[in-house]
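This structure is in structure tokens; I'll ask about it shortly.
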Amino acid sequence: VGTPKFYSDRLYDKTPPGVVTGLAWTSMGGSTLFIETVLKKPLDDGNEKEKGSLEITGNLGNVMKESAQLAYTFTKSFFTQQYPEKDYLQKASIHLHVPEGATPKDGPSAGCTIVTALVSLALNEPVRDNLAMTGEVSLTGKVLAVGGIKEKIIAAKRVGINTIILPEENRKDFVDLQDFIKEDLEAHFVKHYNEVFKIAFPNL
Amino acid sequence: VGTPKFYSDRLYDKTPPGVVTGLAWTSMGGSTLFIETVLKKPLDDGNEKEKGSLEITGNLGNVMKESAQLAYTFTKSFFTQQYPEKDYLQKASIHLHVPEGATPKDGPSAGCTIVTALVSLALNEPVRDNLAMTGEVSLTGKVLAVGGIKEKIIAAKRVGINTIILPEENRKDFVDLQDFIKEDLEAHFVKHYNEVFKIAFPNL
Amino acid sequence: VGTPKFYSDRLYDKTPPGVVTGLAWTSMGGSTLFIETVLKKPLDDGNEKEKGSLEITGNLGNVMKESAQLAYTFTKSFFTQQYPEKDYLQKASIHLHVPEGATPKDGPSAGCTIVTALVSLALNEPVRDNLAMTGEVSLTGKVLAVGGIKEKIIAAKRVGINTIILPEENRKDFVDLQDFIKEDLEAHFVKHYNEVFKIAFPNL
């Protein structure tokens, strides 16, 4: 029924703090997606009710909802480790959304992207320009392999991405790609979220 | 089984504060719908329980419920930015309803309409007369393309709408319409909710 | 399996405060139903937990549950407008039931009836004798058309109803009825709940 349109491909020219570009893989090919996070209400408004909570929308399937929940848990422990003096995530009630709302999305491969969006929000710091990433994350920060590397990279390049973070376990999938797909692309392969953090926020 | 009746088409001659006209698109064609919002109880009644809450009714599907939730989150941050001195949305427990209650409704395309209804309620200010809008909204206020532009515009004109707000991404769909559909209609194309706000409340 | 019995038809000879006669329409024809509301516990018992709450029972479908919720919200704002000095609904924890509990019921057409039952409870004032009503209500008090006018009126007359309130949008359906159905019946057509209130409580 016609060409599918991925409007979200050009939703952001430059992602603000709290927003990170992920990569999705569907039966129709690869596409980029955005993980958006914002603070739902001022940190210190005296209302204790929703302190340290995460609301999730975007027509996500159960696996992706669980992925967001565990990414949130990991982010809180990771952030406390990196910045013991900051209690932002303990106080913040956060809303996470994945446009567009009508497109069903599922799977665990946005794990790293969700963690990075939450860290970016907590630091009020955007990630480096033209960066995208894909990779499941475990509750302790291990980065796990995902599918559709070729389709995801083609989709990323189509929207001007020039730096990409992939699971170490997917290195072989990347190496096997034809050269014209790999050219003009800086690819990083990671085993733990610590490495993602250093690449996404090079100035910290 | 006979002609479907869209009673809501003429539910309001003039929308009060908190009520905004949206546009729906079903297998039977386009129609207008109203997003109604009201305050559930006095702002300062000493009851902290439902402070800053949103109740949703109107036989909405999951995508539309999520759309309302994220529109609510965006509205709170947008409103705080525009009016830092006003804490209405932090205090208010709001009920949002979409008549008629028996008609199932779904989809993300009422996002902009919901935000505008909430802003209108918080400001106690009606939107400009004969205005309707359609457009998905993202958590950061980006306005995304929707379907059924032609059917929606025909439905809007049938009930006397003369100003319409559409996503910039749908400009092409509008331009392609026959002239007799477009005539007597002031169309605005927007990329971010900021622009919707200026058009809906021209005197602020 | 025999003739269906509508026990609710003779449940009340005279409705007390908090109880109002509605009209239902099923595949088996029309019938009357009662909306019953009572206070769950003393108004000022020091327990803040359920202050201003509504519990709903009676085997209601989702549309009817939502209808009760929005009727409750509208009633609170309507009542505050009419009686600014009375805070009954802010304090009361109310239980709403629709006998019989085993019969599934759904649809939005009891909206006006529910509002009237709540108003009657809050005022401790019964509605006028032999009154029944049907009509969806919107969150701002607009009264919307419903189906099954003919069947509902026949059912109402069967149990001695002589005054009926219908949505203005259903006037045509009433006018088209045969004369013997309309005779001995005082019919009122309303656009907004304000008008229902005046008819149901003529002495206030």
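Predicted model, so just to flag it, every value in this text is computed and none were measured. Sequence lines set the chain letters: A, B, ... in the order given, protein chains first and strands last, and positions in each chain run from 1.
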Taking A:Lys105 for the side chain and A:Met64 for the main chain, is one N or O donor matched with an acceptor at less than 3.5 Å?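 Not at all, since once roles are kept as given, no pair shorter than 3.5 Å links the two residues.
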Would you say the ring centers of B:Tyr88 and B:Phe79 fall short of 6.0 Å from each other?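 When the ring centroids of B:Tyr88 and B:Phe79 are compared, they turn out to be at least 6.0 Å apart.
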Toward chain B: residues of residues 112-151 of chain A with heavy atoms under 4.5 Å: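 Answer by number: none.
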Listed once per pair and sorted, the side-chain hydrogen bond (donor to acceptor under 3.5 Å, both in side chains) pairs that draw on residues 64-87 of chain A, sequence neighbours left out: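 The answer is none; no pair qualifies.
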With distance as the sole test, does A:Lys191 use its side chain to make a donor-acceptor pair with the main-chain N or O of A:Glu169 at under 3.5 Å?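 Answer holds: no.
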Sidechain N-carboxylate O distance under 4.0 Å for A:Glu195, A:Lys198: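 No salt bridge links A:Glu195 with A:Lys198.
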Over 60° means perpendicular and under 30° means parallel, so tell me whether A:His97 and A:His95 are parallel, tilted or perpendicular.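 Geometry flag for A:His95 against A:His97: perpendicular rings.
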Structural part of A:Val98 lying under 4.5 Å from a heavy atom of chain B: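 For A:Val98, there is no contact with chain B at all, as no heavy atom is under 4.5 Å.
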